[in-house]
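Just below is one structure, and these are the notes that go with it.
Here the structure is a predicted model, which means the values were calculated and not measured.
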Amino acid sequence: MNLLLKFKETLSSVLPIMAAVVILSVTVAPLGASLIARFLVGGVLLITGLTIFLLGVDVGILPIGERSGAALTAKKNLPLLLGVAFIIGMMVTIAEPDVQVLADQIKNVSADVNRWVLIFMIAVGVGLFVMLGLLRTVLSLSLKWFLIVSYILVFALAFLCPQTFQGVAFDAGGATTGPMTVPFIMALGVGVAAVRSTGKKHGENGAEEDSGKSESDDSFGLTGIASVGPIAAVCLYGIILRFFGDAGGADAASAAHEAEGEVLSSGLRVFLELVPSTLKEVSMALLPLVIMFVVFQIFLLKMPPMQVRRMVVGVVYSFVGLVIFLIGVNGGFMPAGRALGETLGSYAVSRGGMWVALLTFVGVLFGAVVVCAEPAVWVLTEQVESVSGGTIKRKVMLVALSAGVAISIGLSMLRVLYEFSLWYILIPGYALALILTFFCPPLFMGIAFDSGGVASGPMTSTFILSFTLGASIAGGGNPVTNAFGVIALVAMTPLIAIQILGITFRIKNERAKKQNALLQNKTEEVNA
């Protein structure tokens, strides 16, 4: 088993944040010994739980996704493929840790939002757009135009929904692409692209056809498409609540204070007190996935008993890991992040000047640390370096992503303090990302939109969002409108950074081709 490897990945992701919080708490933002103790215990639980969860995903859940994708594509039944893809997209999203954490964060500051209805809407959005994304691959439709039309629709819905749901909706798009959802979606996308490519290569007479399009161009992009669905679904939820409920979170700040006060009053006992409710939530989250696996085994996979036992062990690991992870997050990690944000935010509001700069700098620092510490980011940078034949170095990718995410979180801190609209950042950012699709190579465009959620991993959904909520509460604003949106900004950064690198790769290739052509012409002239 690769338990040690998973532990190292998780430790490298969480430890830098823990170190930064401890340093800040003993210097400029004292949090108190009790809260720091809870934070450290929560961090240990988070590392342990995420390690066990990721191991369970690798051992039992990811193989089921891969086998299901292969079996479905082999049947070459489009309605069956699309229907099952919709169900898979829904089930894995309900079990996604980042979605569970985001729903908890939203519920804490907006009493009008039903946690499970919100999760269900996000899941439906993912399922629908996974289905549409696979249909796009089968029909060989342009990824560029599909994304452009989808984002036009999303922004139209966002303008119609209440302001309190706009940031939440775009955050949902980044939170869905986590360690549970991405493996399933990637397995489906690669499998369907491979089957479609095989069918395209051979005509009726067996002659090979050249479509002018690489199979790998269609292997990426499905995750990026899937992340659009939750944004649209949450916007629709907001529009529904506008007519049938308050949807305003009018007393969001006080609700957040009350939620935090209940947790803080329990001390270290909160970890034990969270066990019953967390067991219930995780059971409800994983039960649909387990039922789906049983149905697939009976009617589709029909694996031998030994493989079934391995899958069951993986699901148990995932269950135990998710329980420990959520207890650590809710019991110690998020309260400390919120308290740190409140402390620095209150200094910035009351004293201004240097403290505003400090809050912004801390946000920038957290952004740089988070993106460099995410294991998925290292996988992505290795992938891009391989695809580009070494032309685009991993270090260049890391610098670009780190700078972009750091700037995004720094802007989020300023948005919290000065309460300017999220649209001032999102609209120019997504407009630039969509404009770049006309100049970026298709492969890099697919990777860019797939990686939009890579940077917004567990640390962003847990600590960074809590830190931003705390700063917003300290500033006296509405955290629902001022704090939510930070995950969206983090997820937007790779769309721009990787496409710019893809354009750089294309320019370098074209220059190299011209130089080779000139050299060849000179050689021919000399030989003549």
Looking only at atom types and distance, does a side-chain atom of Gln105 sit under 3.5 Å from a main-chain N or O of Leu465, one as donor and one as acceptor?
no
Do the rings of Phe155 and Tyr151 sit parallel, tilted or perpendicular, given the 30° and 60° boundaries?
tilted
Heavy-atom nearest pair, Ala95 first then Leu289, reads CB-CD2, 4.2 Å
Would you name the heavy atoms of Leu340 and Ala29 that are closest together and state the gap between them?
CD1-CB, 3.6 Å
When the ring planes of Phe165 and Tyr237 are compared, do they come out parallel, tilted or perpendicular, using 30° and 60° as the limits?
perpendicular
Taking atom types as modelled, find out whether Thr493 and Ser408 have a side-chain donor-acceptor pair closer than 3.5 angstrom.
yes
Look at the side chain of Gln166 and the backbone N and O of Ala158, then say whether any donor-acceptor pair between them is shorter than 3.5 Å.
yes
Verify side-chain contact (heavy atoms from CB on, under 4.5 Å) between Phe484 and Leu102, making sure each step is shown before the conclusion.
CA-CA 10 Å; Phe484 286 102; Leu102 178 67; 4.2 Å; yes
Name all residues meeting the side chain to side chain contact (heavy atoms under 4.5 Å, CB included) criterion together with Thr437; count only those two or more places apart in sequence or in a different chain, and write none if there are none.
Lys144, Ile148, Met445, Phe449, Gln499
side-chain contact (heavy atoms from CB on, under 4.5 Å) evaluation trace for Ile94 with Trp116
CA-CA 9 Å; Ile94 291 173; Trp116 281 106; 4.1 Å; yes
Would you find more than 12 non-hydrogen atoms of other residues, nucleotides or ligands less than 6.0 Å from Phe159 atom CZ?
yes
Exam field: side chain Arg136 to backbone Met131, donor-acceptor pair closer than 3.5 Å
no
Determine, using ring centers only, whether Phe170 and Trp423 are less than 6.0 Å apart.
yes
Quiz question: by atom type and distance under 3.5 Å, do the side chains of Glu96 and Thr176 form a donor-acceptor pair?
no
Is the distance between the ring centroids of Tyr317 and Phe53 under 6.0 Å?
no
Judged by atom type as modelled, is there a donor-acceptor pair below 3.5 Å linking the side chain of Ser472 to the main-chain atoms of Leu469?
no
Nearest heavy-atom neighbours spanning Ala433 and Leu495
CB-CB, 3.9 Å
Measure the spacing between CD1 of Ile231 and CG of Asp171 and express it to the nearest 0.5 Å.
9.5 Å
So does Gly224 get a backbone contact from the side chain of Asp450, meaning a donor-acceptor N/O pair under 3.5 Å?
yes
Give, for atom CD1 of Ile473 and atom OG of Ser346, the distance between the pair rounded to the nearest 0.5 Å.
11.5 Å
